[in-house]
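One structure is given below, encoded as structure tokens.
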Amino acid sequence: MEYIMNDVLSGAIVPVLLGLTPEASETAHRMYRQHGVLSHVFCDRIPLASRLSLCMKFHRVPATTGDVLLLQALSDFADQLGNADLILYLIPCNEHYTNLVWDHAEELERRFVIADRAEMDRVWFGAASAPLGEVTA
């Protein structure tokens, strides 16, 4: 496999996480442990403790700029990887980013595979938890 950007292998899946939440952090760690892949996290701030993580690479996009800049940053990220044989797997990690992704799904699906609702439930709540909107007895 060919190295791209020093941390992405050609032919690999590249998790792209939106938002720095506990769910995003756990997902990045799980992806690294199970598949040996580095997650790219797009967020508005990067706490010092998170900067030391070996399984996440951060892309800071200030929240004050609105959704347009985040969409541009995602587009630029996908363009940077060029025509490499990669699967860019987009996982929104909170409700705001979920709504953003669904609002711009047509544009984002040109470059990313977007996690479906069931996958987001697994990311946010773990495999044994109830999906969003369902209550367990």
Side-chain angles (χ1 to χ4, degrees):
M1 288 191 196
E2 176 184 340
Y3 281 95
I4 302 166
M5 292 176 38
N6 297 327
D7 56 5
V8 179
L9 292 173
S10 179
I13 186 167
V14 178
V16 178
L17 309 177
L18 301 181
L20 184 58
T21 63
E23 293 82 10
S25 181
E26 177 56 33
T27 299
H29 284 90
R30 189 171 46 246
M31 292 285 219
Y32 187 77
R33 281 191 312 270
Q34 293 178 359
H35 307 289
V37 296
L38 181 74
S39 294
H40 289 262
V41 181
F42 286 78
C43 53
D44 61 348
R45 60 181 174 73
I46 307 164
L48 182 58
S50 297
R51 292 179 192 181
L52 303 175
S53 175
L54 300 176
C55 63
M56 294 183 273
K57 182 168 184 175
F58 296 97
H59 305 271
R60 188 174 176 277
V61 180
T64 57
T65 57
D67 297 341
V68 174
L69 188 58
L70 177 61
L71 292 170
Q72 185 62 51
L74 290 169
S75 177
D76 290 347
F77 176 74
D79 288 347
Q80 246 185 337
L81 296 176
N83 294 326
D85 181 23
L86 297 172
I87 298 170
L88 300 175
Y89 191 49
L90 187 63
I91 305 171
C93 294
N94 66 26
E95 284 294 330
H96 168 75
Y97 290 118
T98 300
N99 292 333
L100 175 125
V101 167
W102 287 340
D103 289 346
H104 300 278
E106 187 175 319
E107 176 185 345
L108 291 167
E109 284 176 339
R110 293 183 204 143
R111 297 183 167 137
F112 297 90
V113 173
I114 299 173
D116 63 10
R117 188 62 175 214
E119 179 61 23
M120 282 187 267
D121 289 340
R122 282 190 293 278
V123 168
W124 292 0
F125 302 110
S129 299
L132 291 174
E134 290 186 22
V135 178
T136 58

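Atom set for the values below is all heavy atoms of this structure, side chains included, hydrogens, waters and symmetry mates excluded. Note that this is a predicted model, so its numbers are computed, not measured.
Taking both residues in full, the closest heavy atoms of L38 and M56 are given as CD1-N, 3.5 Å, listed atom of the first, atom of the second, then distance. Of all heavy-atom pairs spanning V16 and F112, the tightest one is CG2-CE2, 4.1 Å. Annotation for C93 and E23: closest pair O-OE1, 4.2 Å, computed over non-hydrogen atoms. Residues Y97 and G19 share a closest heavy-atom pair of CE1-CA, 3.3 Å.
Here Q72 pairs with D76 under the side chain to side chain donor-acceptor pair (under 3.5 Å) rule; sequence neighbours left out. Residues meeting the ring-ring contact (aromatic ring centres under 6.0 Å, His included) test with F42, sequence neighbours left out: H59, F77. Taking the side-chain contact (heavy atoms from CB on, under 4.5 Å) definition, one finds that R45 meets it with P47, sequence neighbours left out. By the salt bridge (charged side-chain N to carboxylate O under 4.0 Å, His left out) test, R33 pairs with E26, sequence neighbours left out. Every side-chain contact (heavy atoms from CB on, under 4.5 Å) that H96 has, sequence neighbours left out, goes to D67, N94. A search for salt bridge (charged side-chain N to carboxylate O under 4.0 Å, His left out) contacts involving R111 returns D79, not counting sequence neighbours.
Here the CG-NE2 distance, from L17 to H40, works out to 10.0 Å after rounding to the nearest 0.5 Å. Annotation: the span from L18 atom CG to L90 atom CG amounts to 4.5 Å, rounded to 0.5 Å. Taking CG of N99 as the start and NE2 of H104 as the end, the distance is 10.0 Å to the nearest 0.5 Å.
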Derivation and outcome, side-chain contact (heavy atoms from CB on, under 4.5 Å), residues E107 and S75
CA-CA 9 Å; E107 176 185 345; S75 177; 5.6 Å; no
Would L71 and L100 satisfy side-chain contact (heavy atoms from CB on, under 4.5 Å), going step by step from the backbone distance to the final call?
CA-CA 9 Å; L71 292 170; L100 175 125; 4.2 Å; yes
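Side-chain atoms of I13 and H35, non-hydrogen and from C-beta on, never get closer than 4.5 Å to each other.
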